[in-house]
*Asks:* 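Sharing a structure here in structure tokens format.
Note that these values count all heavy atoms, side chains included, but never hydrogens, waters or copies made by symmetry. All chains are named by letter (A, B, ...) in the order of the sequence lines, taking the proteins before the strands, and each is independently numbered beginning at 1.
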There are 2 protein chains.
Amino acid sequence: MSDRVAKDALFDGFARITKALSSGRRSEIVDLLAQGERSVEEIASEIGQSVANTSQHLQQMLKAGLVGTRRDGNRIYYSLAGGRVLDLWVAVRDVAAEHLAELDSLAAAYLGDRSTLQTVSRAELVDRMRRGDVVVLDVRPEPEFRAGHIAGAVSMPLDELRRKVRGVPKDREVVAYCRGPYCVYADDAVRTLQRRGYRAARLEDGFPEWSRSGHPVENGVDSPAS
Amino acid sequence: MSDRVAKDALFDGFARITKALSSGRRSEIVDLLAQGERSVEEIASEIGQSVANTSQHLQQMLKAGLVGTRRDGNRIYYSLAGGRVLDLWVAVRDVAAEHLAELDSLAAAYLGDRSTLQTVSRAELVDRMRRGDVVVLDVRPEPEFRAGHIAGAVSMPLDELRRKVRGVPKDREVVAYCRGPYCVYADDAVRTLQRRGYRAARLEDGFPEWSRSGHPVENGVDSPAS
DNA sequence: GGAGCATTCAAACATTCACTTGAATAGTCC
DNA sequence: GGACTATTCAAGTGAATGTTTGAATGCTCC
């Protein structure tokens, strides 16, 4: 079979995509870039690596076509190459959650005990927002809110939440969301709110998944609250 | 941030899934197992590797949870762990096709010139089968047909096709399908048929995608032809 | 043009990886 | 039990990978 070498080359091509995701650090980068573009320095500090090392990871991903770049001044902003890349990342997470034996304990070690945390699915949230019996808090850092958020949500980064809890109305249940299913911000917010006597739950995943599934999104200015 | 080490460990966990797919040989294995379970020996010969090496690849995939095993006699059959794994593989292929610069030339090198090949989407095929103006040929090896095929398709492996072309009715267009979008069997069949004066096209992807998207499937015996 | 910044490059290191070879296991069939 | 088969294990090799360190590049702003 003389196609052997061509077939191997083709599948090595597919493998370049998975190789670009096959390091924990690069996975963190994809997860981060799902929130929007970032400079190399921001990415490096977020994943806890040196700038040089981060740059090399980014370049591998760039060669594989997973990310793109935009220059602004002397800063270079990286972003995911397209919606399909997010689909791929979601598929990876799903398969890991479903089939990787030790994932549960890894997640528990990072996220802590989630058993007291109520979660709400996207469909449920849509429903309850329509009925108006829920306050939706975006607990990510404010720039991420500005780059895009659930239509009708209020920006309330964690540190701000702790200072201004009293401002949050207590008559309705609060739903917090953040970057995704493995992001700790919303967990933290829900625990804080529960401690203060609120009824609170977290969205089961985060903003990228909300947006990807075609739900209503806003960006730019702050939205009308409550 | 003391969570750093736990977060890294979690994402290293996700990366174990992509690592399990990050070799061309293992990608070929996933693509093959999408057709159904296979013994180690069958897999080894299909991907052109030694049995020992193939076994080690399979064990990596097993540890990552991508595949499962079943023992029958002293043979061990490997199969994909679940539908989500196929979703993941499809996502990898899609991202590669969309974003990996050199994929086109790799595909062309393996598949040859596809410009004269008509393709039919799944939706179109459903439509045309309903109207009854099309003959659907499954040109994979016969055991794969037996394990599951498009409802209403006729088994016609390539070598058989070359011997029995005359038996194929000429009044309707012929649509051939095989293992997937990067499988050469259907291309080959369409070319053969075109040379003999048939109107022929290939399904744009293959049986696993058909089945995964919930289209009607049969297995076991041969289906009533034409 | 020169200082200052963000990013990339280059070299070096220990580690991991894919594949080979040859031996060891675990099952079947008589 | 013993011959046989399919699969796995173990050790070894050369290549690729992730990270660090320090220098080089390319851009902006004065």
*Asks:* Is it true that the side chains of A/Glu102 and A/Ser105 contain a donor and an acceptor less than 3.5 Å apart?
*Replies:* no

*Asks:* Would you say A/Tyr177 and A/Asp138 are linked by a side-chain donor-acceptor pair, where the criterion is simply a distance under 3.5 Å?
*Replies:* yes

*Asks:* Taking heavy atoms of chain B and a 4.0 Å limit, find me the 5'-most and 3'-most nucleotide of DNA chain C within that range.
*Replies:* C/dC17 to C/dT28

*Asks:* Using a heavy-atom cut-off of 4.0 Å to chain A, what are the terminal contacting nucleotides of DNA chain D, in 5' to 3' order?
*Replies:* D/dT17 to D/dT28

*Asks:* Any luck finding a side-chain donor-acceptor pair between B/Gln35 and B/Arg140 under 3.5 Å?
*Replies:*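 Short answer, yes.
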
*Asks:* Near DNA chain C, under 4.0 Å by heavy atom, which residues of residues 35-47 of chain B?
*Replies:*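 Residues of residues 35-47 of chain B that come under 4.0 Å of DNA chain C do not exist, since none gets that close.
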
*Asks:* Hey, can you pull the residues of residues 56-81 of chain A with a non-hydrogen atom under 4.0 angstrom from DNA chain D?
*Replies:*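 Result for residues 56-81 of chain A: A/Gln56, A/His57, A/Gln60, A/Arg71, A/Gly73, A/Asn74, sorted by number.
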
*Asks:* Which atom pair, heavy atoms only, marks the closest approach of B/Asp87 to B/Arg212?
*Replies:*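 Taking every non-hydrogen atom into account, OD1-NH1, 2.5 Å.
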
*Asks:* If you pin A/Asn53 and B/Val51 to their nearest nucleotides in DNA chain D, which one's is more 5'?
*Replies:*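 Here B/Val51 is the residue nearer the 5' end.
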
*Asks:* How about B/Glu41 and B/Ser45: does a side-chain donor come under 3.5 Å of a side-chain acceptor?
*Replies:* no

*Asks:* Enumerate the residues from residues 12-28 of chain B whose closest heavy atom to DNA chain D is under 4.0 Å, giving them by residue number; use none for an empty result.
*Replies:*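 Within this stretch, nothing sits under 4.0 Å of the strand.
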
*Asks:* Measure up the B/Phe11 and A/Trp89 rings against each other and bin them: parallel (under 30°), tilted (30 to 60°), perpendicular (over 60°).
*Replies:* parallel

*Asks:* For B/Glu204, what residues pass the salt bridge (Lys or Arg N to Asp or Glu O under 4.0 Å) criterion, not counting sequence neighbours?
*Replies:*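 Not a single residue meets the salt bridge (Lys or Arg N to Asp or Glu O under 4.0 Å) criterion with B/Glu204.
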
*Asks:* Determine whether the side chains of A/Arg122 and A/Ser213 contain a donor N or O and an acceptor N or O closer than 3.5 Å.
*Replies:* yes

*Asks:* Does one side chain, of A/His57 or A/Arg26, offer a donor that lies under 3.5 Å from an acceptor on the other?
*Replies:* yes

*Asks:* How far apart are the closest heavy atoms of A/Asn53 and A/Gln49, and which atoms are they?
*Replies:* ND2-OE1, 2.9 Å

